[in-house]
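Working notes, structure below.
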Amino acid sequence: MIRQTIRLLVAVALVSIASRLGAAEQWETLQAIHLIENPHNSSQPGAHGELGAYQFRQSTWRMHSRRPFRNALVRAHADAVAVAHYDWLSWQLRRNGIAPTSYNIALAWNAGIGAVVSGHAPRASREYAQRVVNIARDLERATVAASISSRTPMERIVLIP
């Protein structure tokens, strides 16, 4: 009876973890992009007029929002557009037979989807994508460590998230 209960708890935990993996990877990738693009949340436009936490260009903003471009400075609005853009890039990558990994999402975020699909992303964009992956990995490790340390000893044994 105890073994069955433990197996059930492990199965429930694994399903729960699997369902969160996509969302967690998305969050970590977007956080990493934010930390590279605008780590101090500057309200000053970038060299090409980019705004907000993710340094959106106006054309990218307009793909995903009807709000005025200046709202890219409002974090909640920027986060919503970032999620929509991430999902759009992911769909475009899959549509072209490319895995929507954190690296490929970041590469497309920086170089554009066309550069990723054609295989002609510049070196600076490939380095950017690798930085995003490295930061996202660090964020994941920090999240897992915090999650494990907050669990009771029994939860740690049966892997309940």
Side-chain angles (χ1 to χ4, degrees), residues 13 15-151 160-161:
V15 168
S16 177
I17 289 168
S19 69
R20 294 182 201 179
L21 284 178
E25 183 176 344
Q26 182 184 58
W27 177 87
E28 289 152 357
T29 301
L30 289 174
Q31 276 299 106
I33 288 170
H34 162 63
L35 290 170
I36 291 171
E37 294 288 349
N38 194 355
H40 303 294
N41 293 314
S42 172
S43 61
Q44 297 300 312
H48 300 282
E50 308 94 341
L51 283 180
Y54 304 94
Q55 291 292 279
F56 290 113
R57 288 191 179 193
Q58 191 167 0
S59 59
T60 303
W61 182 264
R62 295 212 186 289
M63 286 173 59
H64 307 292
S65 179
R66 294 183 187 265
R67 295 182 184 275
F69 183 49
R70 68 180 174 276
N71 282 12
L73 296 171
V74 177
R75 185 61 190 262
H77 299 303
D79 287 345
V81 171
V83 168
H85 193 55
Y86 180 104
D87 290 343
W88 182 82
L89 291 171
S90 180
W91 180 78
Q92 290 292 327
L93 289 166
R94 275 196 297 281
R95 187 173 145 245
N96 285 282
I98 300 169
T101 62
S102 290
Y103 180 88
N104 288 334
I105 294 285
L107 188 61
W109 194 284
N110 188 263
I113 193 73
V116 177
V117 170
S118 70
H120 292 103
R123 174 184 283 165
S125 294
R126 292 190 309 269
E127 290 170 356
Y128 171 94
Q130 189 57 57
R131 287 177 58 210
V132 167
V133 168
N134 293 342
I135 293 169
R137 189 177 301 132
D138 289 346
L139 290 169
E140 177 188 12
R141 287 179 184 147
T143 301
V144 169
S147 174
I148 289 171
S149 69
S150 69
R151 294 178 185 166
I160 296 176

inquiry  = Run the side chain to side chain contact (heavy atoms under 4.5 Å, CB included) test on Asp87 and Gln26 for me, step by step, so that the C-alpha distance in whole Å, both residues' side-chain angles and the decisive distance to 0.1 Å come before the verdict.
reply    = CA-CA 9 Å; Asp87 290 343; Gln26 182 184 58; 2.8 Å; yes
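The shortest side-chain heavy-atom distance between Asn41 and His34 falls under the 4.5 Å cut-off. Using a 4.5 Å heavy-atom cutoff, the side chains of Pro100 and Leu89 are not in contact. Side-chain contact check for Thr60 versus Glu50: every heavy-atom pair is 4.5 Å or farther apart.
In terms of the side chain to side chain donor-acceptor pair (under 3.5 Å) criterion, residue partners of Thr29 (sequence neighbours excluded) are, by chain and number, Ser102. Among residues two or more places apart in sequence or in another chain, the side-chain contact (heavy atoms from CB on, under 4.5 Å) test is passed with Ala82 by Leu30, Tyr54, Phe56, Trp109. In this view, Thr101 and Asn104 satisfy the side chain to side chain donor-acceptor pair (under 3.5 Å) rule, not counting sequence neighbours. By the ring-ring contact (aromatic ring centres under 6.0 Å, His included) test, His77 pairs with no residue at all, sequence neighbours left out. A search for side-chain contact (heavy atoms from CB on, under 4.5 Å) contacts involving Ala80 returns nothing, not counting sequence neighbours. In this view, His40 satisfies the side-chain contact (heavy atoms from CB on, under 4.5 Å) rule with no residue, not counting sequence neighbours. Annotation: side-chain contact (heavy atoms from CB on, under 4.5 Å) contacts of Leu73 (sequence neighbours excluded): Ser43, Leu51. Residues passing the side chain to side chain donor-acceptor pair (under 3.5 Å) test with Gln92, sequence neighbours excluded: Arg95. With sequence neighbours left out, the side chain to side chain donor-acceptor pair (under 3.5 Å) criterion links Arg62 to no other residue.
Sorted by first and then second residue, the side-chain hydrogen bond (donor to acceptor under 3.5 Å, both in side chains) pairs with a member in residues 116-131 read Glu37-Tyr128, Asn110-Ser125, Ser118-His120, Gln130-Asn134; sequence neighbours excluded. Screening residues 69-81 for salt bridge (charged side-chain N to carboxylate O under 4.0 Å, His left out) gives Arg75-Asp79 as the qualifying pairs, with residues at least two apart or on separate chains.
For the pair His64 and Trp88, the tightest heavy-atom approach, listed with the atom from each and the gap, is CE1-CB, 3.7 Å. When every heavy atom of Ala111 is checked against every heavy atom of Pro122, the shortest pair comes out as CB-CD, 4.0 Å. Here the closest heavy-atom approach between residue Leu107 and residue Ala121 is recorded as CD1-CB, 3.6 Å.
Using a distance-only test at 3.5 Å, with no hydrogens or angles considered, no donor-acceptor pair links the side chain of Asn38 to the main chain of Gln55.
With rounding to the nearest 0.5 angstrom, the CG atom of Asn71 is 10.5 Å from the CZ atom of Phe69. Summarising the geometry, atom CD belonging to Gln31 is positioned 9.5 Å from atom CD belonging to Glu28; distances are rounded to the nearest 0.5 Å.
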